[in-house]
Amino acid sequence: MATPKSEWPGFGDVPEDAELALSRSESQELARWVWQDGESRDGERLSVHYYANSLHYGTAVFEGIRCYPTERGPALVRPRDHIDRMLSSARLYGMRVPYGADELVRAAIEITRRNGVDHAYLRPIAWFGYGPIDLKPKQVCPVQVLIAVRRLGTYLGEGALRNGIKVLTSSWRRLHHTMLPVMAKASGHYANSVLAAHEALDRGYDDALLLNADGTVSGVTGGNVFFVRAGRLHTNDESSSIVPGITRDCILTLAHAHDIEVVIRGFTREELLRADEVFLTGTAAEVTPVRELDGVEFPTGKRTFGALFQRAYLRAVTGKNPDFVDWLTPVT
Ligand SMILES: Cc1ncc(COP(=O)(O)O)c(C=O)c1O
């Protein structure tokens, strides 16, 4: 049986960090200033046209970027990667965003600073604005962009990070990459996630797992899935119709840095049910252990890979690991 090369349990050089376990606010209060179409504006006075084409046809493209407090002040996690992904989502929808990546990253930094937040979540979003009834908005509708900021400590609650969540396999299948460009974060794709999340909620679960039409696992409603089996870390890739997460990439980088063997391939629900551990990753969800999938329980807590990755990830994004400071863009 393969085991991680570093001493178990613990990555050896990833110290326990009491601070990471401190309670973070669960408030999602909106910050006052929003960057829209080149200017910082008071969010109370913003309006989006009720006949914005994207509102009707689900073609807005968006991102979620985290801001964490660090010793050197608040910092954004991999903002350039998020903005690049948003611009590539926009391109797939024929949307010409009238700002470049550098300008949007600068705007994200400035609006975060102006709002004076530390634990926060930024939502850059681009959409086809007002125009006629038309399914070719790229010809006729202006492209608008905003970056909103809201406070965000934990997303699924402190309990979720520590104790894990209960996940239901949804009866809805994940949209396939031959139907829509699912690697793009476009608002319409999330109708699939909302249906699955509602189903989970109605059955008393915290989140839903979406399978592909062939029965392999895609992901959860807003995140990627990892599992551990015999000391190896497993996850799938874009051939499983996932959004290849930036957090997923951080976890793969951390695994590599700690000599943990990684297997990237499609896998089934059955394999997941037989896993030693399961955890989820995403900008909002961070690294969240799964404590139950469809009634099957998994270990959570300090002596798990999930907890170690969670700690290593949270240390990195709060500037406590000099090896990964290049993930961070200070806002001050
Ligand atoms: C469907 C889906 N998969 C995966 C992810 C994870 O992506 P990231 O880690 O870049 O936030 C997200 C979150 O944005 C998502 O919505």
Side-chain angles (χ1 to χ4, degrees), residues 58 60-68 76-90 92 105 108 120-126 148 150 152 154-156 160-161 165 167 169-170 172-177 179-198 200 206-212 216-227 235-255 264 266 278-288 290 306 309-310 312-314 316-317 324 327-329:
V61 296
F62 65 93
E63 275 301 318
I65 307 176
R66 277 269 189 177
C67 175
Y68 287 96
L76 303 180
V77 181
R78 300 180 63 171
R80 179 67 193 230
D81 292 328
H82 283 283
I83 293 295
D84 282 348
R85 186 168 64 184
M86 185 172 88
L87 293 176
S88 111
S89 301
L92 283 162
V105 170
Y121 182 86
L122 275 67
R123 168 53 53 84
I125 181 163
R150 67 193 312 163
L152 186 66
T154 54
Y155 169 58
L156 297 162
L161 284 184
I165 61 167
V167 176
T169 301
S170 175
W172 295 102
R173 295 295 166 109
R174 173 79 168 150
L175 288 166
H176 193 253
H177 58 72
M179 301 170 182
L180 285 168
V182 292
M183 280 169 71
K185 280 179 71 80
S187 56
H189 306 181
Y190 282 80
N192 194 204
S193 293
V194 168
L195 287 166
H198 279 173
D206 303 302
D207 199 1
L209 179 76
L210 284 141
L211 302 182
N212 294 306
T216 56
V217 170
S218 180
V220 286
T221 58
N224 297 121
V225 178
F226 284 83
F227 74 90
T235 196
N236 52 12
D237 65 11
E238 34 289 45
S239 59
S240 295
S241 296
I242 64 166
V243 172
I246 290 164
T247 320
R248 169 186 177 277
D249 184 67
C250 292
I251 297 304
L252 294 176
T253 305
L254 287 168
I264 299 182
V278 180
F279 62 88
L280 314 173
T281 64
T283 296
E286 302 168 312
V287 181
T288 297
V290 172
F309 276 109
Q310 185 188 87
Y313 176 74
L314 291 176
V317 294
F324 301 106
W327 289 353
L328 300 175
T329 299

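Predicted model, so just to flag it, every value in this text is computed and none were measured. Both ligands and their constituent atoms are indexed starting at 1 by order of listing.
By the ring-ring contact (aromatic ring centres under 6.0 Å, His included) test, Trp172 is found to be paired with no residue, residues two or more places apart in sequence or in another chain being considered.
Remark: minimum distance from atom 11 (O) of ligand 1 to any protein heavy atom is reached at Thr283 OG1, 2.6 Å. Counting only heavy atoms of the protein, atom 10 (O) of ligand 1 lies nearest to Ile246 N, 2.7 Å. The shortest contact between atom 14 (O) of ligand 1 and any protein heavy atom is with Lys185 NZ, 2.4 Å. The single protein non-hydrogen atom nearest to atom 16 (O) of ligand 1 is Tyr190 OH, 2.5 Å, given as residue, atom name and distance.
For the residue pair Ile242 and Ser218, the shortest heavy atom distance occurs at CG2-O, 3.3 Å.
The distance criterion of under 3.5 Å between nitrogen or oxygen atoms is not met by Thr281 with respect to ligand 1. Residue Arg174 places no N or O, backbone or side chain, under 3.5 Å from any N or O of ligand 1. Residue Thr247 has at least one nitrogen or oxygen atom sitting less than 3.5 Å from a nitrogen or oxygen atom of ligand 1, judged on distance alone. When only interatomic distances are considered, the shortest N/O to N/O separation between His82 and ligand 1 does not fall below 3.5 Å.
In this structure, Glu63 does not count as a contact residue of ligand 1, since none of its heavy atoms falls inside 4.0 Å of the ligand. Taking 4.0 Å as the cut-off, Ile242 does not count as a neighbour of ligand 1 on heavy-atom distance. Residue-ligand proximity: Gly223 is placed with a non-hydrogen atom under 4.0 Å from ligand 1. Assignment of Arg85 to the shell around ligand 1 is supported, since a heavy atom sits closer than 4.0 Å.
Residue Thr221 touches ligand 1 through its backbone alone, judged by heavy-atom distances below 4.0 Å.
For the atom pair CZ (Phe324) and OG1 (Thr253), the distance works out to 6.5 Å, reported to the nearest 0.5 Å. Between the CG atom in Leu210 and the OG atom in Ser240 there is a gap of 12.5 Å [rounded to 0.5 Å]. Rounding to the nearest 0.5 Å gives a distance of 10.5 Å between CZ of Arg123 and CG of Leu152. Interatomic distance, Leu161 CG to Leu156 CG, rounded to the nearest 0.5 Å: 7.5 Å. Interatomic distance, CG of Asn236 versus CZ of Phe227, reported as 9.0 Å (0.5 Å rounding). In this structure, CD on Gln310 lies 9.5 Å from CD1 on Ile251, to the nearest 0.5 angstrom.
Among Gly222, Gly245, Gly282, Gly64, the residue whose heavy atom lies closest to atom 12 (C) of ligand 1 is Gly222.
In summary, the atoms of ligand 1 found under 4.0 Å from a heavy atom of Asn224, numbered by their order in the structure, are 4 (C), 6 (C).
Phe279 has its ring centre no less than 6.0 Å from the ring centre of Tyr313.
A salt bridge is defined here as a Lys NZ or Arg NE, NH1 or NH2 lying under 4.0 Å from an Asp or Glu carboxylate O, and Asp81 with Arg85 fails to meet this definition.
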